[in-house]
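Shown next, in C-alpha cells, is the structure this report addresses.
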Protein chains: 2
Amino acid sequence: MILSTKGRYGLKMMYELALKYGSGTMSLKEIAHKQQLSETYLEQLIAHVRKAGLVTSIRGAQGGYELSRKPGEITVGEIIRTLEGPLAPSECVLEDEPECTRAEYCVTRLIWEKIMDSINNVIDSITLQDMLNDYHKMKKNREGEKNDEHS
Amino acid sequence: MILSTKGRYGLKMMYELALKYGSGTMSLKEIAHKQQLSETYLEQLIAHVRKAGLVTSIRGAQGGYELSRKPGEITVGEIIRTLEGPLAPSECVLEDEPECTRAEYCVTRLIWEKIMDSINNVIDSITLQDMLNDYHKMKKNREGEKNDEHS
DNA sequence: TTGAAATCCGAGTTATATGCTAGGAATTCA
DNA sequence: TGAATTCCTAGCATATAACTCGGATTTCAA
C-alpha cells in the first residue's frame with residue numbers, strides 16, 4: 001500500500017469541505033460522520049492541513065472549518081504531501097538528501113525518479129474542483145442508467 | 001516513502017545479476033558485498049524472487065544465482081510486485097477487493113486508480129536491459145567529462 | 001572422502017510507524 | 001453560563017519493517 005490513512009482520510013476530508021465550499025463552515029463532527037471516520041483521529045490530520053494553510057478554522061460553538069482557497073486552487077498533491085510528506089519511493093531522490101555515495105553509478109535511482117515524477121504529475125494535476133466535477137458526472141450517469149431501466 | 005527495502009534492495013540485487021547475465025552464476029555473498037547490503041537479509045528476498053521464477057539457483061559450493069530470462073524480458077514491475085505485492089495506493093482499487101460499500105459515489109477512488117495506473121505504467125515499461133543501457137550511457141558520459149577536463 | 005562454500009528454511013528479535021484514544025485547555029455563540 | 005466547538009500533548013496497542021540466528025541440505029574440489 002502506498003498511502004497511509006493520513007493521506008487517504010485527509011483527501012476525503014478535504015473533498016467533503018470542497019462539497020460544502022461557499023456555504024459556511026463545517027464541523028469535524030459532521031465530516032467524520034459523513035465519511036464514517038474517527039473524529040478524534042481526523043482532528044490530528046486537519047491540524048496539519050490547517051498549519052499548511054489549506055483550511056481555515058473558526059473556533060467555538062457553531063465553528064468549524066472551510067477551505068481557505070477555491071477548490072480549483074487546491075491540488076490533491078498539496079493535500080497528500082502535507083499529510084504524508086514527499087512521495088519519494090526511496091530516500092535518495094529527496095531534495096535535501098545528499099548525492100548517493102555509492103562509488104558506482106546508481107542506476108536504480110533513475111527508476112525511483114521516474115516513479116516519483118509520474119506520481120507527482122498525476123496528483124499535482126488534479127484539483128478538488130476536478131473531484132467535484134467527477135462527482136457530478138458520476139451522479140448524472142447513474143441517473144441516466146436509472147431512467148434506462150424504467151424505459 | 002513508497003517502497004520498503006524489499007523492493008529497493010531487491011531491484012539492486014536483480015540489477016547486479018543482470019550485469020553478470022551470460023557469464024555464470026553469482027553468489028549472494030558477492031551481490032551483498034557489491035551493493036553493501038546484508039547477505040542474510042537478501043537471502044529472504046531472493047527466495048521470493050526465485051519462487052516467482054525470475055531467478056534460478058544452483059546449490060552447493062561454487063553455486064549461486066542467475067536470471068532465468070534475458071534482462072530484456074524481466075521488467076522492474078515484476079520484480080517490485082513480487083517483493084512488495086501490488087502497488088495500490090488504497091485497498092479499494094485492488095482486483096480482489098469488493099466494490100466500495102460507501103453509499104455515495106466514491107470520488108477518491110478515481111484518484112487512487114490514476115496513481116496506480118501511472119506507477120504501473122512506469123515500472124512495467126522498464127526492463128533490466130534498460131537499466132544496463134542506462135548504466136553504459138552514464139559511464140560513457142562521465143568518461144566524456146573526464147576527457148573535457150584534460151583538454 | 002571430507003570440508004568448505006553455498007543455497008535453503010523457519011523462527012525470533014528489535015525498532016519504528018501506524019492508527020488510533022484520552023484528557024483537558026481555550027474559545028465562542030446562544 | 002453552558003454547550004459546542006477547535007486546539008494541544010501525550011500515550012498506547014498493534015502491525016510492519018528490517019533484520020538476525022541456527023541449522024539443515026547440497027555440491028564442488030582438493
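Convention: sequence-line order gives letters A, B, ...; per-chain numbering from 1. Keep in mind the model is a prediction, meaning the values are calculated, not measured.
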Using atom types as modelled and distance alone, determine if a side-chain donor or acceptor of B/E84 lies under 3.5 Å from a backbone N or O of B/G7. yes

Donor + acceptor pair across side chains of B/S38, B/Y9 (<3.5 Å): no

Using a cut-off of strictly less than 4.0 Å between a heavy atom of the residue and any atom of DNA chain C, enumerate the qualifying residues of residues 52-71 of chain B by number. B/S57, B/I58, B/R59, B/G60, B/A61, B/G64, B/Y65

Going from NZ on A/K12 to CG on A/L42, what distance comes out if it is rounded to the nearest 0.5 angstrom? 11.0 Å

Check: A/R69 side chain, A/E73 main-chain N or O, donor-acceptor pair, under 3.5 Å: yes

Partner residues of B/S118 under the side-chain hydrogen bond (donor to acceptor under 3.5 Å, both in side chains) criterion, sequence neighbours left out: A/S118

Mind checking side-chain hydrogen bond (donor to acceptor under 3.5 Å, both in side chains) for B/T25 and listing every partner two or more places apart, or none if nothing turns up? none

Euclidean distance, atom NZ of residue A/K29 to atom P of D/dC7 [Å, nearest integer]: 17 Å

Let me have a per-nucleotide readout for nucleotides 11-22 of chain D, 5' to 3', with B, S or -, counting only protein heavy atoms under 4.0 Å. ------SSBB--

Work out which heavy atom in B/A52 is nearest to a heavy atom in B/T82; give both atom names and the distance. CB-CG2, 3.7 Å

A/S27-A/Y65 side chain donor-acceptor pair, cut-off 3.5 Å: no

Which part of the nucleic acid, if any, lies within contact of B/I46, taking any heavy atom under 4.0 Å across all strands shown: a base, the sugar-phosphate backbone alone, or nothing? nothing

Check for a donor-acceptor pair, side chain of A/S90 on one end and backbone N or O of A/W112 on the other, with a separation under 3.5 Å. no

Would you mind reading off the distance between A/E30 atom CD and D/dT6 atom C1', rounded to a whole angstrom? 15 Å

Note: chain A reaches DNA chain C at heavy-atom distances under 4.0 Å over the stretch, first to last nt, 5' to 3', of C/dT18 to C/dA30

In a table with atom names and distances, give each donor-acceptor pair under 3.5 Å that connects a side chain of residues 56-63 of chain A to protein atoms at least two apart or in another chain.
none

